[in-house]
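Beneath this line is the structure, given in structure tokens, with notes to follow.
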There are 2 protein chains.
Amino acid sequence: MRDGTATKNKINRVAMELFAEKGVTETTTKDIAAGAGIAEGTIYRHYKSKDELVKKLFLSLYEEQGNYLHEIASADKDSKQKIADMIVNFCQLFAEDKALFTFLLLTQHGQLKEVPDDMVTPVVVLRDLIAQGQDDGTIKQGDPDLMAAMVLGVVVQPAVFHVYGRLTQDYKSFTQDLTEAAWSIVGLDE
Amino acid sequence: MRDGTATKNKINRVAMELFAEKGVTETTTKDIAAGAGIAEGTIYRHYKSKDELVKKLFLSLYEEQGNYLHEIASADKDSKQKIADMIVNFCQLFAEDKALFTFLLLTQHGQLKEVPDDMVTPVVVLRDLIAQGQDDGTIKQGDPDLMAAMVLGVVVQPAVFHVYGRLTQDYKSFTQDLTEAAWSIVGLDE
DNA sequence: TAGTATAGTGAGTGCTTAATCACAATAGAT
DNA sequence: ATCTATTGTGATTAAGCACTCACTATACTA
């Protein structure tokens, strides 16, 4: 084997899962190597440092998710449907890959501080979506940043509690409730 | 000086601020000692270990806040007013002592995992408040745990973004918006 | 004043960590 | 078959960490 991408993917996956489970600082390079079934030194054939691994992993995964979000936001639907689609997307991601979802949440937990300003994060997409909806009159007035934060909170907080075992039923079954709650924050009275 | 409470208070305050700012693992005993202007060894005259410091600090501060919450929840008011009071209380705490508020949030960030089940946390108080309101018909039906998580998300998420500089205006000025958003989730149509 | 318990000190200890490096294995190129 | 570049190894290293301990300083007691 001359191509090391399989090993690198293994490192990425294991690292992501451990970071999500224990946090970045609590996860050692030894843990990652053991989980991936490789020697500790091999990590350093693919990454200059643990810090680089963390940052590249975060950036690549976030970019991937950002693309999905961008697709949803630029679809030819009304604002209400787009916000609903975003929430469905969150719930699906959480249901399908809890480790990935939790890892992405680490940004909001201060474990990953250096988030580029121009990065496509959920809150940025949501804010633009809300501002756009305000222009065409489908979403009520208010500070788009604050409204985006509140909508995100409605979805994220149950997910956080779900991770820590407070909410035990299937997260996907919340989707309808989360969507309605989100809409009640930004939506117009009907 | 034979009484060391002044030193202990200094340790507690500095530790709380550093934990809130950098996280628990990233804060060293050396940092705390330097911040408090004492020797590293002095910390161990007051606490058996760093772990004990973290846990006692967390427990005492959370208990204090729990008492406020309990007061609010047991007041002779209707559910809507109680929820509003809780949110005002959050906003005030955040405005007055950002470090304390952020430190208390660490529990939701997985940095402090061992939270006793019977502890009076905001989500528990909220859940009971919601369940109670559902009984007397002032709050709409639905899973109280999920609803409490959503309401908390509306308040907490803006606070998180506020800490990381995304929302720059005075947090207290959100109070009205946060209260309305929270009520739109649990409240009955009027 | 002498005695004692408590509070504070900081160099030192042992352990864990991220990162290194000389070496080995592998597989395509010539 | 030999060469070469890449990938993988694991003992080793240097740094940083929580924690200790012999010692000093302080202030109350008798």
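Letters A, B, ... are given to chains in the order of the sequence lines, protein chains preceding strands, and every chain is numbered from 1.
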* Of B/K8 and A/D31, whose nearest nucleotide on DNA chain C comes first from the 5' end? -> B/K8

* **ring-ring contact (aromatic ring centres under 6.0 Å, His included) contacts in which one or both residues fall within residues 74-99 of chain B, not counting sequence neighbours** => B/F94-B/F101, B/F94-B/H162, B/F94-B/Y171

* To do: Measure from CD on A/E52 to P on C/dT20 and round the result to the nearest Å.
  => 11 Å

* Among A/K8, A/K10, A/M16, find the residue that satisfies the side-chain contact (heavy atoms from CB on, under 4.5 Å) test when tested with A/N12. => A/K8

* Determine whether B/V120 and B/V156 fall in the same hydrophobic cluster, where Ile, Leu, Val, Met, Phe, Trp and Tyr are linked whenever their side-chain heavy atoms lie under 4.5 Å apart. => yes

* Within the side chain of B/K82, is there an N or O that forms a donor-acceptor pair under 3.5 Å with the backbone of B/A75? -> yes

* Could you state the atom-to-atom distance from CD1 of A/I11 to P of D/dT7 in whole Å? => 11 Å

* **Whole angstrom value for the distance that separates P of C/dA18 from CD1 of A/I32** => 8 Å

* Step by step, work out the side chain to side chain donor-acceptor pair (under 3.5 Å) result for A/N67 and A/E71. => CA-CA 6 Å; A/N67 289 338; A/E71 259 180 57; over 6 Å; no

* Is there a residue in residues 41-50 of chain B whose heavy atoms reach under 4.0 Å of DNA chain C, and which residues are they? -> B/G41, B/T42, B/R45, B/H46

* Is the phosphate of C/dG8, meaning OP1 or OP2, less than 4.0 Å from a side-chain N or O of B/T7? -> yes

* Select base, sugar-phosphate, or nothing to describe what A/T27 touches, counting heavy atoms under 4.0 Å on all strands. => sugar-phosphate

* Structure fact -> Here the distance between atom P of C/dG8 and atom CG of B/N9, to the nearest Å, is 11 Å

* Point-to-point distance, once rounded to the nearest 0.5 Å, from CG of B/L167 to CG of A/D143 -> 6.5 Å

* Measure the distance from CD1 on A/I38 to C1' on C/dA25 and round it to the nearest whole Å. => 16 Å

* Grab the CD-P distance between B/E26 and C/dT17 for me, whole Å please. => 14 Å

* In terms of side-chain heavy atoms of B/E40, which of D/dC19, C/dA18, D/dT9 is nearest? -> D/dC19

